Amino acid sequence: MKGLRAQLVRAFQPDTQADRVVPPSGFTAQLTLFAAGAMAFLAVFALALSLAAGRLAEQWGSELARSATIRIAAPDDQQQAQTNAALRILETTRGVAQARALSNEEQAALLAPWFGAELELDSLPVPRLIEVIETEEGMDAAGLRLRLAAEVPGAMLDDHSRWRAPLVKAASRLKMLGWVSSVLIAAVTAAMVTLAANAALAANAQVISVLRLVGATDDYIARAFIRRFTLRALIGALVGMVLGMIAVLLLPGGEDETASFLTGLGFQGLHWLVPLLIPPLAAAVAFIATRMAARRTLESPT
Amino acid sequence: MIELENVAYSYGGGELLSDISLKLAPGSFHFLTGPSGSGKTTLMKLCYGALLPTAGHVRLFDRDVRAMTRDDVALLRRRMGVVHQDCQFLDHLTLSQNIALPLHASGRSAEAAGEDLEDLMHWVGLTERSAALPPELSGGERQRAALARAVIMSPDVVLADEPTGNVDWDMSQRLLRLLIELNRMGKTVLVATHDLGLIRATKAHVQARVLRIANRRIQLAGADL
Ligand SMILES: Nc1ncnc2c1ncn2[C@@H]1O[C@H](COP(=O)(O)OP(=O)(O)O)[C@@H](O)[C@H]1O
Ligand SMILES: [Mg+2]
């Protein structure tokens, strides 16, 4: 562990001579930079997807879970009586914090988008809506349904769970997929750095044997390679992350944050700090991958 | 400082070297000779810990090589200057950077040793070539550079494998003189060469013992050389 820490420290200490020990390799260097950049770019989107999906799942879960609607569809002369009956039942139902019948004006506002503002509600057999706000513990929807069926024949309880559940589930699944993608991106980065480091180690077999001859320890030899790949991954990922964040910033958003999943894709508030973790993580992945590759090469008999 | 006890070595086929016992005392000068393919390079590698014996014991500075880690061997190399048969360099670094490489690899700054480095370059006659890249050097220059690199850490022992491998007679004399000088400074020297003429020419200047590999074994060659 002590060796690891010392290596970590040295990986970022400027040491031009150590850098010179391994000949510069233009093309592999560019490829590593590019790969790290591309992966960081993708990682920004995977994170944006995860965080946005997580936000959505939470919103749908919490806002809607606390509310339900009862619809009273009864002949005109019975509607008011049935509405009162339903409200009475609700008053004695456990888990109901608040229940209230919507006024005509409120119902008109709800219907306006479909029928236009000039709608005369009185002229239509529109059901009365009761808005139910649940307490923290929530209510027993099935039990309430039974009582309503017995006493208020025209009542229909809609606790939103039927259409809410699959949405929340889909959002949670998307969130998970986003995280899985992030992990995969990290793994692919590790794999690519390993391949590039192995190629560099193999191409520099003579350099390694000369260093051995002059009394270089494994650490010294590994350091030159580790430094290179760690710095390349860091720089590549930094560029990729900045470009990715710009791309997310430029995504068209809706004025209403709950408007839709697509316009909600992006970062909010402190979540903007999450992608800043990508470059150091990429560097850490490259550090570990190169260190392991160098270990393997140096330990294999020559 | 270098001690071999009943050492045998085989690359996988039959034994190339058998039952070799040998002790290099501090300050001694030894030649190792034998026909090409007899195992001189192999024996040298056993002496600097690049190969492990398949039987017997090799002790370097009183430590058994089998008990050493790779890093132990690396630290050992700082006390043993080795001139490889095929002297390899880092071809992208200049000659002086190459010669200073052991300093850097051991964590000493090349700047601190700046003067030593200049003296050393002068000693091997490569001052003018210090900015050249190794591929631009002649065979003799490479051999001298390899020798300079081998001694920059002021090691106790210098092992040189065919240091006059591909240079002309005058140059080989010059290289040998450098090795004799090192020996006079108190360093233990072991030179592997198949060139008996070189050995004869050297014996006038230094008290050298000649080890000959024959029939897989090592013999102390007589005065008939
Ligand atoms: N790495 C190796 N693997 C297998 N055989 C080897 C290896 N190195 C040397 N040999 C064989 O061992 C023998 C002795 O080689 P070497 O020690 O180089 O002899 P010398 O230096 O006296 O010419 C040769 O026959 C050579 O082919
Ligand atoms: Mg040889």
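Since we're looking at a predicted model, the values are computed, not measured. Lettering of chains follows the sequences in order, A, B, ..., and the numbering in each one begins at 1.
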### Close side-chain approach of A:Val22 to B:Leu90, heavy-atom, < 4.5 Å
no

### Task
Carefully, step by step, assess B:Arg77 and A:Val214 under the rule side-chain contact (heavy atoms from CB on, under 4.5 Å).
CA-CA 6 Å; B:Arg77 296 274 168 86; A:Val214 301; over 6 Å; no

### A:Leu213 and B:Arg149: CA distance, side-chain angles, deciding distance, side-chain contact (heavy atoms from CB on, under 4.5 Å) verdict
CA-CA 10 Å; A:Leu213 178 74; B:Arg149 184 180 62 185; 3.5 Å; yes

### Query
Top residue by heavy-atom pair count (under 4.5 Å) with chain A, among B:His84, B:Gln88, B:Arg70, B:Met80?
B:Arg70

### Query
CE of B:Met68: more than 12 outside heavy atoms within 6.0 angstrom?
yes

## Note on the structure
For A:Ala216 and B:Ala74 the tightest heavy-atom approach is O-CB, 3.5 Å

### Query
So do A:Asp219 and B:Asp71 actually touch side chain to side chain, heavy atoms under 4.5 Å?
no

### Query
So with a 6.0 Å cut-off around NZ of A:Lys175, is the heavy-atom count from everything else above 12?
no

### Message
Does any backbone or side-chain atom of A:Leu211 lie under 4.5 Å from a heavy atom of chain B? Answer side chain, backbone, both or neither.
### Response
side chain

### Message
Does A:Leu273, at its CG atom, have more than 12 non-hydrogen atoms belonging to other residues, nucleotides or ligands within less than 6.0 Å?
### Response
yes

### Task
Using heavy atoms and a sub-4.5 Å threshold, report which of residues 192-207 of chain A line up against chain B, by residue number.
A:Gln206, A:Val207

